[in-house]
Amino acid sequence: DSGVTQTPKHLITATGQRVTLRCSPRSGDLSVYWYQQSLDQGLQFLIQYYNGEERAKGNILERFSAQQFPDLHSELNLSSLELGDSALYFCASTPGQGGPGNTIYFGEGSWLTVV
Amino acid sequence: AQSVTQLDSHVSVSEGTPVLLRCNYSSSYSPSLFWYVQHPNKGLQLLLKYTSAATLVKGINGFEAEFKKSETSFHLTKPSAHMSDAAEYFCVNTNAGKSTFGDGTTLTVKP
């Protein structure tokens with residue numbers, strides 16, 4: 001158990017809908033990361049937040065947004081969903097900003113299926 | 001810029017034989033390199049990490065990796081494969097908050 005908690009574990013929704021994925025980082029970790037893992041594109045970094053502020057941005061679509069709240073939990077919002085958004089979404093956390101040597105701890109992921 | 005290349009998408013070994021999963025990297029800065037394992041329907045679990053201390057890094061479950069700067073490699077090895085090692089393995093290069101993942105290597109262990 002990494003200490004990173006993600007909900008829901010599984011989600012099925014229709015195209016055009018909007019969903020919110022939730023992540024609680026390890027106790028004391030200030031950085032939260034979001035990743036998307038799909039069969040055709042592998043594991044892709046989406047976005048990182050550090051202590052409430054956006055820190056780094058990866059291949060995140062404009063239809064997606066994220067935020068980190070004062071209690072350090074994070075939410076990833078996915079809107080206008082398309083079939084291709086079906087994937088496993090991982091949250092991860094690190095104690096610091098993600099510098100050299102910082103181990104990234106992953107949650108179990110949220111499976112999103114868009115039908 | 002940094003990148004990670006896992007040279008084999010699939011590796012198949014027999015139980016009890018050695019495992020070698022290959023990873024090459026490129027990095028503008030001194031790399032921080034990690035190996036993670038992902039079992040089916042599970043999150044990624046850290047196996048080991050290199051952060052410029054010892055070049056031979058020992059991890060969990062008998063895995064180890066050697067950092068070779070001259071070859072820009074960080075190959076993962078295990079002397080004797082176990083059935084429970086069957087999983088997908090990711091080599092990761094982290095710098096300044098950005099992590100670059102390899103495409104993964106699926107390890108199959110035959111009885």
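Just so it is clear: chains get the letters A, B, ... in the order the sequence lines come, proteins before strands, and each one is counted from 1.
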A.B. asks: Are A:L76 and A:W111 connected in a single hydrophobic cluster, I mean Ile/Leu/Val/Met/Phe/Trp/Tyr linked by side-chain heavy atoms less than 4.5 Å apart?
C.D. replies: no
A.B. asks: Counting only heavy atoms closer than 4.5 Å, note whether A:Q37 contacts chain B via side chain, backbone, both or neither.
C.D. replies: side chain
A.B. asks: To the nearest 0.5 Å, what is the distance between CD on A:E108 and CG on B:L44?
C.D. replies: 10.0 Å
A.B. asks: Quick check on B:Q38 against chain A: is it the side chain, the backbone, both or neither that has a heavy atom closer than 4.5 Å?
C.D. replies: side chain
A.B. asks: Could you look at B:L46 and say if it's the side chain, the backbone, both or neither that has a heavy atom under 4.5 Å from chain A?
C.D. replies: side chain
A.B. asks: Is there a path of hydrophobic side-chain contacts, each under 4.5 Å between heavy atoms, that joins A:F64 and A:Y35?
C.D. replies: no
A.B. asks: Answer yes or no: does atom CG of B:N24 have more than 12 heavy-atom neighbours from other residues, nucleotides or ligands under 6.0 Å?
C.D. replies: yes
A.B. asks: Tell me, for A:K57 versus chain B, whether the close heavy atoms (under 4.5 Å) come from the side chain, the backbone, both or neither.
C.D. replies: backbone
A.B. asks: With a 4.5 Å heavy-atom cut-off, do B:V92 and A:L43 have their side chains touching?
C.D. replies: no
A.B. asks: Hydrophobic cluster mates of A:V4, side-chain heavy atoms under 4.5 angstrom, ILVMFWY only, any path?
C.D. replies: A:Y105
A.B. asks: Does B:V19 belong to the same Ile/Leu/Val/Met/Phe/Trp/Tyr cluster as B:M83, with side-chain heavy atoms less than 4.5 Å apart forming each link?
C.D. replies: yes
A.B. asks: Between A:I104 and B:F34, is any pair of side-chain heavy atoms under 4.5 Å apart?
C.D. replies: no
A.B. asks: Using a cut-off of 6.0 Å, state whether more than 12 heavy atoms not belonging to B:L20 lie near its atom CG.
C.D. replies: yes
